[in-house]
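Step one of this worksheet: look at the structure below.
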Amino acid sequence: MNAEEKLNVETRAVELLRTVFDPEIPVDIYSLGLIYRIEVTDDDVLQIDMTLTAPNCPAADFLVEDARYKLETIAGIRSVEINIVFEPEWTKDMMSEEAKLELGFL
């Protein structure tokens with residue numbers, strides 16, 4: 001996959017991640033700032049580093065599986081790896097302005 005194709009995959013990944021919502025929060029995981037890294041490897045593996053709003057988030061499994069299910073539909077990807085990370089720790093400052101407005105933080 002060349003650089004342009006990787007960029008297209010990463011752009012499509014963002015579009016799809018914007019359709020994944022925590023059942024308790026009316027904002028998508030990308031706008032919440034939960035996605036730390038999106039990268040396509042030379043082996044056509046889509047790697048995502050994401051965090052949670054809290055380490056004991058009850059929706060963690062749902063969020064990861066919903067994201068994986070949607071991301072696996074991207075053409076040209078051999079597989080999807082979603083890594084849950086907690087560094088840096090998530091804070092409300094990581095949310096987009098739109099998410100802050102939606103949740104009443106602005």
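Formation of a donor-acceptor pair under 3.5 Å by the D43 side chain with backbone atoms of V45 is not found in this model. No donor-acceptor pair closer than 3.5 Å links the side chain of E72 to the backbone N or O of Y69.
The minimum heavy-atom distance between A59 and P23, with the atom names listed, is CB-CD, 3.8 Å. The shortest non-hydrogen separation linking M1 to G76 is CE-O, 3.2 Å. Across all non-hydrogen atoms, the minimal contact from F21 to F62 is O-CE2, 3.5 Å. In plain terms, the two heavy atoms of L46 and A13 that are nearest each other are CD2-CB, 4.2 Å. The two residues R37 and N83 make their nearest non-hydrogen contact at NH2-ND2, 4.1 Å.
Note that CD1 of I48 is 10.0 Å distant from OH of Y30, once rounded to the nearest 0.5 Å. Remark: T51 OG1 to I84 CD1 distance equals 7.0 Å, nearest 0.5 Å. Separating the CG atom in L32 from the CD atom in E98 is a distance of 10.5 Å, to the nearest 0.5 Å. Remark: T53 OG1 to E24 CD distance equals 8.5 Å, nearest 0.5 Å. Here CD1 of I25 is found 7.0 Å from SG of C57. Values are rounded to the nearest 0.5 Å. Between T11 atom OG1 and L16 atom CG the span is 11.0 Å, to the nearest 0.5 Å.
Sparse packing is recorded around CG of D61, with 12 or fewer heavy atoms of other residues, nucleotides or ligands lying under 6.0 Å away.
Under 4.0 Å is where a charged nitrogen must lie from a carboxylate oxygen, and between R78 and D44 no such pair does. Salt-bridge check for R68 with E65: passed, with a basic side-chain N closer than 4.0 Å to an acidic carboxylate O.
Side-chain contact between M95 and V27: absent, with no pair of heavy atoms (C-beta onward) separated by less than 4.5 Å. In this structure the side chain of L17 never reaches within 4.5 angstrom of the side chain of D28, judged on heavy atoms.
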Side chain to side chain contact (heavy atoms under 4.5 Å, CB included) between V9 and I77, worked out: CA-CA 8 Å; V9 167; I77 292 301; 3.4 Å; yes

Criterion side chain to side chain contact (heavy atoms under 4.5 Å, CB included) on D42 and K6, from CA distance to verdict: CA-CA 9 Å; D42 291 338; K6 286 182 179 183; 2.7 Å; yes

V40 vs E5, side chain to side chain contact (heavy atoms under 4.5 Å, CB included): CA-CA, chis, key distance, verdict: CA-CA 9 Å; V40 180; E5 291 169 326; over 6 Å; no

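L7 and I38 fall into different hydrophobic clusters, where Ile, Leu, Val, Met, Phe, Trp and Tyr residues are linked whenever their side-chain heavy atoms come under 4.5 Å apart, directly or through other members. Under the 4.5 Å side-chain heavy-atom criterion for ILVMFWY residues, a single connected hydrophobic cluster contains both M50 and I74. Transitive grouping of hydrophobic side chains (ILVMFWY, heavy atoms separated by less than 4.5 Å) brings L52 and L103 into a common cluster. In the hydrophobic clustering of ILVMFWY residues, with side-chain heavy atoms under 4.5 Å counting as a link, L101 and M94 come out apart. Both V85 and I82 sit in one connected hydrophobic cluster of ILVMFWY residues. Membership requires side-chain heavy atoms under 4.5 Å apart, directly or through other members.
With hydrogens and angles left out, the side-chain atoms of Q47 and E81 include a donor and acceptor closer than 3.5 Å.
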